[in-house]
Amino acid sequence: TLLYTIKFEALAPMSATTYANKNATCVSMTATSGDYKTGNKPTGTYLTKSATTFAPNDWHNSNSIMSTTAVRQQGGSLEIRQAARKLRNDTDSVTQWGQHDNTTRLLDRMQDITAWKDKLEQTIADTDVEIAQLTSHKERCETALTNMNTPADVAADNIATRTIRVAIDLVDDEVQQELLKEAEVINGIKQKLQQKVNEAHQQLCALQQAHDAMCDDLADKMHCLDIEQQCHGLTNQSANIGFHANATRIEKDIVMPDSWDSHSNYNTQRATSEMKASTALREAINNTIEQTANDLEAQRLRTEYAFRKRIHEVQMAKDELEWQQNNTKKEIDVLMDDIRGLKQAISDKDKPLEVTETRAENRTYRPRVELCRDAPHDNLINERNTLKNTVSSLVDQHNIAEDAAAQLKQTLNRLDEDWAIKTNSLELDERCMTKRQTLRLVSHKV
């Protein structure tokens, strides 16, 4: 069913006879289409007759108004169509340019992200290399520190061993001073190496933190690059486009381009700074290991030189003692022979003295006038006195010889004791030198 309604409204003043109450006259036509299948004809009211009669002028005016109105509306429609076409073309151009411009900007943004991604990847790779190198140097330093245990144990053992020296040989000699200095040098080396190990550990932590920050930044860059590539590939014909509510909202944690650039720049600069510090630390570790190894070797040579010098001195003293022992023993033997000779000489004077005294005693029994103090009497007295003096001299000399023999024996005992002390000291120092042979088996330049 089709319904058509035509409504005409006067656009100019009519006569009083036409508009008594200034209301417009409407002419309506209504048509109802028939059913072509049943053959029914269209029916309906075509005109509604007005009760008012118009003048000819009204009729001409109405026609003129209708024509003028149609022409004016047609002109307005033309302007509207032209404006619409211009607006359509302009909006199409703006839309296309805007989409092209954003596509280009997305491409530029992708290039910026790719540039930072490449720089981050390179810096991360450099950081990985630096971490591996610093870890290797730290392990070398730890090995050198562990190797210090052997020299420390040897020095402590040498000091403890030499405390077993006794008597006069328990002396604060050059060897003892060098051993104490060696222990001090070893403790200083261990402190230096431990300090470098601690510094390397702290630097590795700093490098790892910078590495992790760059990895996080790189992961964000990769994720962002995927989003940007997806956005760059969208077109009007893409299947996964659609309207989104509040798509142009500004998130509260959004950052400006300068901040975005500064963030990655800070991460790379931080890593570069830490790598420079790590390189300097690796050089310092190398110098420390080299210097401490040289210091330890120099002190070892000084200590062992002092040992060899002391061993030579003790050996010379021991040889001198042995020589004096031999001479003292020989002198004691000779003196003991002389003592035995003196004893024999004293014993040998007994018989002559007995003869003299017997003669003198027998002659006292001469009778009366024969008891004369003659020459034999005086000679017997002189002989007896001479023998007595001789025996006394022999006894005195024997006593002197006995005292000398006792002193020689005491000296020999002291020589034996001192020889035993020197032998003990020599054995201890030689034991220390044998123990120190293990120092040559330990490499300090790792």
Kindly list each side-chain donor-acceptor pair under 3.5 angstrom involving residues 198-206, sequence neighbours excluded, with atom names and distances?
from, atom 1, to, atom 2, distance (Å)
Asn198, OD1, Gln194, NE2, 3.1
Asn198, ND2, Gln194, O, 3.3
Glu199, OE1, Lys196, NZ, 3.4
Glu199, OE2, Gln195, NE2, 3.3
Gln203, NE2, Glu274, O, 2.9
Gln203, NE2, Glu274, OE1, 2.8

- Item | Asp295 and Gln299: side chain donor to acceptor below 3.5 Å | no
- Item | Heavy-atom donor-acceptor pair, Ser77 side chain to Gln73 backbone, under 3.5 Å | no
- Item | Side chain to side chain, Lys329 and Leu408, heavy atoms closer than 4.5 Å | no
- Item | Sequence neighbours excluded - salt bridge (charged side-chain N to carboxylate O under 4.0 Å, His left out) pairs with any residue from residues 220-240 | Asp217-Lys221
- Partners of Glu383 by salt bridge (Lys or Arg N to Asp or Glu O under 4.0 Å), sequence neighbours excluded? none
- Item | Contacts of type ring pair (Phe, Tyr, Trp, His ring centres under 6.0 Å), residue His100, not counting sequence neighbours | Trp97
- Message: Assess, by modelled atom type and distance only, whether the side chains of Asp212 and Gln208 contain a donor and an acceptor separated by less than 3.5 Å.
- Response: yes
- Message: Quick one: does any side-chain atom of Thr292 pair with a main-chain N or O of Ile289 as donor and acceptor, under 3.5 Å?
- Response: yes
- Query: According to the salt bridge (charged side-chain N to carboxylate O under 4.0 Å, His left out) rule, which pairs have a member within residues 105-118, sequence neighbours left out?
  - Reply: Asp101-Arg105, Lys117-Glu121
- Task: Go through the structure and list residues passing salt bridge (Lys or Arg N to Asp or Glu O under 4.0 Å) with Lys192, not counting sequence neighbours.
- Result: none
- Does Ile131 offer a backbone N or O that forms a donor-acceptor pair with the side chain of Thr135 under 3.5 Å? yes
